[in-house]
Amino acid sequence: MQTFKRKIAAVLAPHAGLTEEKLAAALETPPDAAMGDLAFPCFALAKTLRKAPQAIAADLAPHVRGLDFVEEVQVAGAYLNVRLSARAVASEVLPRIRRDGIAYGSQPARGERVVVDYSSPNIAKPFSIGHLRSTMVGHALVEHLKHLGYETVGVNHLGDWGTQFGMVMAGFKLWGDRPLERVDVRYLLDIYVRFNKEAKDDKALEELAREWFRKLEGGDAEARKLWEVFREVSLEEARRIYARLGVEFQHYTGESFYNDRLSDTIARLKQAGLLVESQGAQVVDLEAHKLPPCLIQKSDGATLYATRDLSAAIYRVETFQPARVLYVVGAPQKLHFQQFFLVLEKLDPAWAGKFVHVDFGHYRLAEGKMATRTGNVVFMEDVLDRGVEMARQIMEQAQRGGDLEEGQDAQVCEQVALGAIVFGDLSNDRVKDVVFDWEKALDFKGDTGPYVQYTRARIASILRKGGVEAPESADWSQLSTPEEKAVMMLLLKFPQTVEAAAAALKPSFTANYALDLARAFGRFYNLHPVLKSEPAVRDARLCLSAAVGTVLAIALRLLGIPVPERM
RNA sequence: GCGCCCGUAGCUCAAAGGAUAGAGCAUCGGUCUUCGGAACCGAGGAUACGGGUUCGAUUCCUGUCGGGCGCACCA
């Protein structure tokens, strides 16, 4: 796409009084393919050229008309509409995808590192559907950034410290009826829920929880032992889920990791003259930014969330020397991030803009807020398991023509379930809240992950049945239908889509692109036979199909969704 | 009370300041002796409300209403 835009810009720029870069950037896609493939709106030039925009468009038209890849130029009002020749588009994009393969749309290493902090579940609580967004948005961003030449460091900032551990420890000591070796997360959850319930009427329990947490901080052997076991069994579940989701982290540095750095951080803040005392606590005043103060140290001397986050941020900058640090954390914590980013900036002005909060809307239940405390949660593992079950049902009903080999079913069901769940999560703009709905989360029809996977699997099937590799090249003039053209225009658009997704930190761009491409291909192959066409047409269509298969596979990979060959 | 986010079709969501606001689900009607029907085609149906900026606003600014979230010793 850039190639065509640049060439058009080169001939138009001198006559439009714009730089080539600006002109190329102004080129857009018309709303209807019948109008053309690229459009240049002339409104903005009316002032500088002191001419009616329609007249400008008419004046510019002849310059584009001469280009060899241009099939037709039309002036529609103030728009200059350009139709590219299908042959030119095909010879531009199909060989490139063939050559680049899964690297299509990628960029060379740029020697910049990005730390991505994502997933970060709270330990001692089960992994809920609420953790899916951070996990998959973070993973998708990592994949996008890698594709675009960044080096990424995935960090799982486990919530493995804090008073909630005090609650579980206190609860376990009070009611625990299992040996330590036999506790698992759900058992811990029961304790946690019961503790919260009883603490409502019994204030002494809260004090007990605080006391256990103090013991833990003080290095008490028993508290330490409990903490280690609770942490490990929770992590076990999380790792199981990450394995299913195909998510990996370079570092599992949780909050506890920073415990021995907290005093340094506080000293550093003090040295910078940022700490002031307020109501017995140590805070950084942010009045000048019209924000509430950032609490660093409690009146009893204990540290807080912000202290640990500051320590982690400093550690990351010093250890990884990243260009940016992304925090994929829910929108409710926005204020917290604003505050502690400002503190970082005060500590070192060069850090301004280095830290980014990638916020997202939360999952809610139709019945109300999701909260582990009340036991009002949907477990991630249940969603995955039910997804697999539903995939199996659909697979059994489907008339698939016996294309699946023995023993593949289980794996495919898992892959398709993931496709439904993960794609459903990523295809929506991350800033919006989501009301969790079983039917919607496990939808396999229409605008869904399975639809994209299905289209890709059908392409794989066609290529298998063809019994031949798609040829390296073909007579591109055979790709003459509007459906083929539409598909190719989308293929051309893929690289800029990935860039836009990475720039906006919104994997939903890529997800929606994948749907568009799958739909466009669906139209094409329902209307035009590939294998049954005459050899020249067949070869060209095989190339086109292979290219779509490649791009869909890349898109799915960028989203962290498996790509089944058959389903 | 103050602050942030979100209001688009019956429902769930799209839309790089651009042309006639697109999909899916659901509903109704079609394709089908098929390269695998988790498919394809068609129909109806929408920008919460009022100002402003702009040649042009779903998009930017502002006010109202509605929903969500947050606002000091939790994370």
Side-chain angles (χ1 to χ4, degrees), chain A residues 25 28-32 35 39 41-44 46-47 53 76-79 81 120 122 159 161-164 255 278-283 290-300 302-306 308-309 329-336 338 359 361-362 364 369 391 394-395 397-404 416 419-420 424 427-429 431-435 437 439-440 443-448 450-451 453-455 457-459 461-466 496 500 503-504 508-509 511-512 515-516 519 522-533 538 541 545 566-567:
Chain A
E28 50 192 55
T29 307
D32 184 343
M35 299 175 184
C42 299
F43 304 102
K47 262 184 200 157
Y79 287 94
N81 288 334
S120 309
N122 282 326
W161 205 251
T163 352
Q164 83 262 23
E255 294 181 47
S278 169
Q279 297 171 35
Q282 295 293 315
V283 308
K290 296 196 160 95
L291 290 177
C294 184
L295 243 67
I296 303 297
Q297 195 169 26
K298 299 202 255 185
S299 43
D300 67 1
T303 57
L304 286 139
Y305 187 25
R308 274 186 276 279
D309 267 349
V329 180
Q333 295 191 41
K334 207 165 190 167
L335 177 59
H336 162 72
Q338 279 179 352
D359 64 335
H362 266 204
R364 287 181 294 135
K369 200 170 168 175
I394 291 173
M395 197 182 273
Q397 288 163 11
Q399 308 157 9
R400 282 172 298 115
D403 197 23
L404 258 186
V416 174
S427 60
N428 293 340
D429 191 329
V431 305
K432 304 207 176 180
D433 286 345
V434 180
V435 175
D437 176 63
E439 238 169 81
K440 231 198 133 230
D443 195 0
F444 296 77
K445 288 197 189 71
D447 277 353
T448 63
Y451 171 67
Q453 291 173 314
Y454 174 79
T455 305
R458 290 291 305 271
I459 292 170
S461 168
I462 290 172
L463 295 175
R464 271 196 306 273
K465 291 237 166 68
Q496 76 200 55
S508 57
F509 287 10
N512 287 314
L515 283 177
D516 285 345
R519 238 192 323 265
R523 286 201 185 102
F524 156 69
Y525 89 105
N526 268 282
L527 216 52
H528 308 292
V530 176
L531 298 174
K532 291 179 182 170
S533 306
R538 189 201 62 185
R541 288 183 176 165
S545 304
R566 311 159 200 251
M567 59 189 275

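Letters A, B, ... are given to chains in the order of the sequence lines, protein chains preceding strands, and every chain is numbered from 1.
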Quiz item: Taking the P atom of each, how far is B:G3 from B:G45, in whole Å?
Solution: 41 Å

Output the single nucleotide from [options] whose closest atom is nearest the side chain of [X].
X	options	result
A:Phe43	B:C41, B:C55, B:A16	B:C55
A:Lys334	B:A39, B:C5, B:A75	B:C5
A:Pro450	B:G70, B:A38, B:A39	B:A38
A:Leu295	B:A75, B:A72, B:A19	B:A72

Quiz item: Could you write nucleotides 6-15 of chain B as a row of B, S and -, 5' to 3', where a protein heavy atom under 4.0 Å of any base atom gives B, of only sugar-phosphate atoms gives S, and otherwise -?
Solution: SS----SSSS

To the nearest Å, how far apart are [X] [atom1] and [N] [atom2]?
X	N	atom1	atom2	result
A:Asp32	B:G22	CG	C1'	12 Å
A:Glu255	B:C74	CD	C1'	11 Å
A:Asp309	B:A72	CG	P	17 Å

What does [X] touch in the nucleic acid at a heavy-atom separation under 4.0 angstrom: a base, only the sugar-phosphate, or nothing?
X	value
A:Pro30	base
A:Ala78	nothing
A:Thr163	sugar-phosphate
A:Pro332	sugar-phosphate

Exercise. Would you write the dot-bracket representation of RNA chain B, where each base gets (, ), [, ], | or . depending on whether it forms a Watson-Crick or G-U pair under 3.5 Å and with which partner?
Key: (((((((..((((....[...)))).(((((.......)))))....(((((..]....))))))))))))....

Quiz item: Who are the ring-ring contact (aromatic ring centres under 6.0 Å, His included) partners of A:His362, not counting sequence neighbours?
Solution: A:Phe360

